[in-house]
Amino acid sequence: MQNRRIVVTAALPYANGDIHLGHLVEYLQTDFWVRFQKMRGNECLYICADDTHGTPIMIRARRDGITPEELIEASYARHTKDFAEFQIEFDNFYTTNSPENRDFCNTIFKRLEKNGALYCKDIPQLYCPDDKMFLPDRFVRGTCPKCNAPDQYGDSCEKCGATYAPIEMKDAHCAVCGKAKPEVRNSEHIFFDLDQFRNYLKDWLSKHVATDVANKLLEWFSDDSKLLPWDISRDAPYFGFEIPDHPGKFFYVWLDAPVGYMASLLNWCLKNGEKFDRWWNNPDAELYHFIGKDIVRFHCLFWPAMLHASDFKGPDQVFVHGFLTVNGEKMSKSRGTFINARTYLDFLDPAFLRYYYACKINNTTDDVDLSLDDFSQRVNSDLVGKITNLASRGAQMLHKSLDGILGEMDEAGKKLVSMFLSRADIIAEHYEARRFSQVPVEVCKLADAANEYFDGAQPWKTIKTDVEATRKVLTTILNLFRLITIYMKPILPHYATKVEKLFMEEPYTWESLKTVLENRPVAPYEYLAVRVLPEQVAGMVDASKPAVPEVLISAEPTVEPLKAEIEIGAFAVSDMRVALVENAAPVEGSDKLIQLTLSLGPLGTRNVFSGIRASYPDPTVLNGKLVVLLANLKPRKMRFGISEGMVLSAGSDTSKLCVISPAGNAKPGDPIG
RNA sequence: GGCGGGAUAGCUCAGUCGGUAGAGCAAUGGAAUCAUAAUCCAUUGGUCGGGGGUUCGAGUCCCUCUCCCGCCA
């Protein structure tokens, strides 16, 4: 059979924010699928990019006093680092702010124009005279025209659910400057006439998306109503691409974002000496988009219509997944369940989230729940207890008593191996159909069988009586473990790499299932996974709670309001001490943390991890300083070690914190109160 | 408000064509001590969100109510 040629995309993360565990539901399942395809020998590319344009980025950059280019560059660095540490392997991760993307947008626009898919129309828009810009609905606030609820967004009311145009609002004001009253100005906008493509789309939906998604979208195709046109232009000032022959008009960010898939692919082609048309417009190549259900409208209506109208090939399938909930609820900053990828990495092994998500993700649009208790439990009992333990007990005994050399398998072992191999096609089908949750189910059944075999054979007893029979048992166990690793490799790639090292083999592919390891040495066993401890999860949740309440975009700097009044006793329970910074150093693998060695004088030294890296990019400036340590804080285990206390600092902006330093006669160990 | 999805064991979920409820984990009892307190054997555990209907028979089909979630361009 000829190898397939497949292009896979995940939705582009917006450059105005960090990657969080919700994003990872998508990037990880896409990674599972792509890695599986590659293991099968298919040519498969994982294409993505940062989505960099639009008003929110322009305003954020303006507020931070930097250019949008600087903002998106910083995001790019953070995003790619987070993805890499979660073992997400893009073939190309690019940016929508690229020459390739500009060219594709222009080409598509000109073709749409030529094919009569576009028209211009004057529409009234709110304009802020202070900021000298047109305001997107989300940047207008005012009183709801229906229910009079104050301080609502410009497009809909959160109180009564009414939807309206921003110009209908009472006392509308600009949310960028926070005060100016917007004026109504007419502006010419360019529209994509979606309704022209209703028959094409009806047909397209029946073939290229799951039926539940198609049915939902088809609700808009009733005979007596038209599909609404799509406004694809925005007025200057706007961070994006200016539309050819329309000075002062820019492509709406949602037009150039999906085009970014093509641009990122082209960029990969240019770097690798490949032709774009071999991958995208080739009927023999497959194109798949992985997206969340929130952006179905863009990917299953506008995008296929736009590609069709500009003579490009559309996606073969759009795979739609649900949202992430944490402990059964929407992610919440105040509950500490809005967890950034980086915060997770500060406390836990990325392989564990990969494993857990695999257990929960399938090919439906249902939401995925990250239950934190369930997470620890499953990782500890399945991944560590059942699976990893096989290698741990097998390889260590082989080294302790049998010189680390594999022998041959016994009859029972051979039978087990062929039973394991008989599951290969079923597991492959689960991957192919994106029923990832079924893979750990299958694999755990195999691990159970292997553990039963091990216990039944009692090698810890036979080692005293029949050394070679024991070698057979351990050879079997390690071969079974190896097969499990191959099955799990798309989900646990770095784990698999460690196992490849253990057995001194080339990187595993699906073909590696056919090999049997006999009569050869095994490298010394190194830990493959360490149990999750409750304090790591608790620490991650704590660290995700905001130090300050979320402040909406606003020109006015704010400080936290005072907390409720307390009795002196509530303060007296905390024991704060003067501490001397003996050594301050950055923590390898963490953006947020620095590691401090503190002297408390007669009370000894402490190791403390402090999340103030953003404020102290060069932690060594703290060396020799006196600081204040909350010294009776319960030690907390983090991914990098145990933190024994908390250093106090002032400020609410995490990038502008200032460590509190006692002056005068204070010496290490002195109490503070 | 409209539309859609969901509610099954302590937890996470499966349940096909209607035939008196399944798995894993947890819990309990035992075994084992090679292994990272990991493993093995056994057991317990459910009015399938409430009510009504169709049917010989309903977790499954129909109606209704309650609660949760999402979407409404």
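Note on naming: letters A, B, ... go to the chains in the order of the sequence lines (proteins, then strands), and numbering restarts at 1 for each one. Hydrogens, waters and symmetry mates play no part in the numbers below; they use all other heavy atoms, side chains included.
- In this structure, CG of A/D349 is placed 14 Å from C1' of B/U36, rounded to the nearest angstrom.
- Below 30°, between 30° and 60°, or above 60°: for A/Y252 and A/W230 the angle between ring planes is above 60°, a perpendicular geometry.
- An OP1 or OP2 oxygen of B/U36 is reached within less than 4.0 angstrom by a side-chain nitrogen or oxygen of A/Q396.
- Crowding of A/K472 atom NZ: a count of heavy atoms from other residues, nucleotides or ligands under 6.0 Å not exceeding 12.
- In terms of position along RNA chain B, the nucleotide closest to A/Q458 lies nearer the 5' end than the nucleotide closest to the other residue of the pair A/V530 and A/Q458.
- The gap from the P atom of B/G15 to that of B/U64 amounts to 26 Å, rounded to the nearest Å.
- Residue A/A529 is in base contact, counting any heavy-atom pair closer than 4.0 Å across all strands shown.
- Listed nucleotides B/C40, B/U12, B/A35 differ in distance to A/R393; the shortest reach to its side chain belongs to B/A35.
- Residue A/K360 places at least one side-chain N or O under 4.0 Å from the OP1 or OP2 atom of B/C13.
- When each of A/D373 and A/Q438 is assigned the nucleotide of RNA chain B with its nearest heavy atom, A/D373 is the one assigned upstream, toward the 5' end.
- Across B/G1 and B/U54, the matching C1' atoms stand 32 Å from one another, rounded to whole Å.
- Taking atom P on both B/U43 and B/G22, the two are 14 Å apart, rounded to the nearest angstrom.
- Separating the OH atom of A/Y355 from the C1' atom of B/U12 is a distance of 12 Å, rounded to the nearest angstrom.
- Atom-to-atom, CZ of A/R198 to P of B/A73 comes out at 18 Å; the value is rounded to the nearest Å.
- Using P as the reference atom, B/C40 and B/G51 are 40 Å apart when rounded to the nearest Å.
- Rounded to whole Å, the separation between the C1' atoms of B/U60 and B/U28 comes to 33 Å.
- Set against B/U33, B/U36, B/A73, the side chain of A/V384 has B/U36 as its closest nucleotide.
- For A/K293 and B/G4, the shortest distance from a side-chain N or O to OP1 or OP2 is not below 4.0 Å.
- Taking atom CG on A/D382 and atom P on B/U12, their separation rounds to 15 Å, with Å as the unit.
- The side chain of A/Q377 sits closest to B/C25 out of B/C25, B/U36, B/C41.
- As the counterpart of B/A35, no nucleotide is assigned, since no Watson-Crick or G-U wobble pattern has both distances under 3.5 Å.
- Side-chain contact between A/L348 and A/L353: absent, with no pair of heavy atoms (C-beta onward) separated by less than 4.5 Å.
- Base pairing of B/G45: no nucleotide in any strand meets the Watson-Crick or G-U wobble criterion (both distances under 3.5 Å).
- Taking 4.0 Å as the cut-off between side-chain N and carboxylate O, A/R471 and A/D403 do not count as a salt-bridged pair.
- Between B/C25 and B/A42, the distance separating the two P atoms is 13 Å to the nearest Å.
- B/C17 and B/G53: their P atoms are spaced 27 Å apart (whole Å).
- Computed from coordinates, the A/F454 CZ to B/C34 C1' distance equals 5 Å when rounded to whole Å.
- Listed for the A/D466 side chain is no donor-acceptor partner under 3.5 Å among the backbone atoms of A/T462.
- Across the protein-nucleic acid pair, A/E452 atom CD and B/A42 atom P stand 9 Å apart, rounded to whole Å.
- Taking only side-chain atoms of A/D369, from C-beta outward, the nucleotide of B/U12, B/U33, B/U36 with the closest atom is B/U12.
- Counting non-hydrogen atoms under 4.0 angstrom, A/N389 reaches a base of the nucleic acid.
- For A/Y525 against B/U36, a side-chain N or O and a base N or O form a donor-acceptor pair under 3.5 Å.
- For A/S371, whose side chain is taken as the heavy atoms from C-beta onward, the closest listed nucleotide among B/U12, B/U33, B/C34 is B/U12.
- The side chain of A/K386 lies closest to B/C25 when the candidates are B/U12, B/A32, B/C25.
- The partner of B/G59, taking Watson-Crick or G-U wobble pairs whose two distances both stay under 3.5 Å, does not exist in any strand shown.
- Among the atoms of the strands shown, only primed sugar atoms or phosphate atoms (P, OP1, OP2) are found under 4.0 Å from some heavy atom of A/S381.
- Applying the side chain to side chain contact (heavy atoms under 4.5 Å, CB included) test to A/P315 and every residue at least two apart in sequence or in another chain returns A/W204, A/L287, A/H289, A/W303, A/L307, A/V318.
- Searching all strands for a Watson-Crick or G-U wobble partner of B/U54 with both distances below 3.5 Å returns nothing.
- Atom-to-atom, CD of A/E526 to P of B/A35 comes out at 17 Å; the value is rounded to the nearest Å.
- Among the heavy atoms of the strands lying under 4.0 Å from A/T388 is at least one base atom, whether or not backbone atoms are also near.
- Salt bridge A/R435/A/E442: absent, no basic N to carboxylate O contact under 4.0 Å.
- Atom P of nucleotide B/C34 and atom CH2 of A/W460 are separated by 9 Å, given to the nearest angstrom.
- No donor-acceptor distance shorter than 3.5 angstrom exists from the side chain of A/Y453 to the backbone of A/D448, with no hydrogens or angles considered.
- With a cut-off of 3.5 Å on both Watson-Crick or G-U wobble distances, the partner of B/G22 is given as B/C13.
- Shown here, B/G1 forms a base pair with B/C72; the pair counts as Watson-Crick or G-U wobble because both key distances fall under 3.5 Å.
- Of the side-chain N and O atoms in A/K400, one or more sit less than 4.0 angstrom from OP1 or OP2 of B/A35.
- In terms of phosphate contacts, A/R531 brings no side-chain nitrogen or oxygen within less than 4.0 Å of OP1 or OP2 of B/A37.
- Looking at heavy-atom distances under 4.0 Å, A/L528 makes contact with a base.
- For the pair A/R423 and A/Y487, the cation-pi criterion (under 6.0 Å, within 45° of the ring axis) is not fulfilled.
- No contact: A/Y453 has no heavy atom under 4.0 Å from any strand.
- If you check B/C67 for Watson-Crick or wobble pairing at under 3.5 angstrom, you find it paired to B/G6.
- Only the C1' atoms considered, B/G30 is 25 Å distant from B/C11, to the nearest whole Å.
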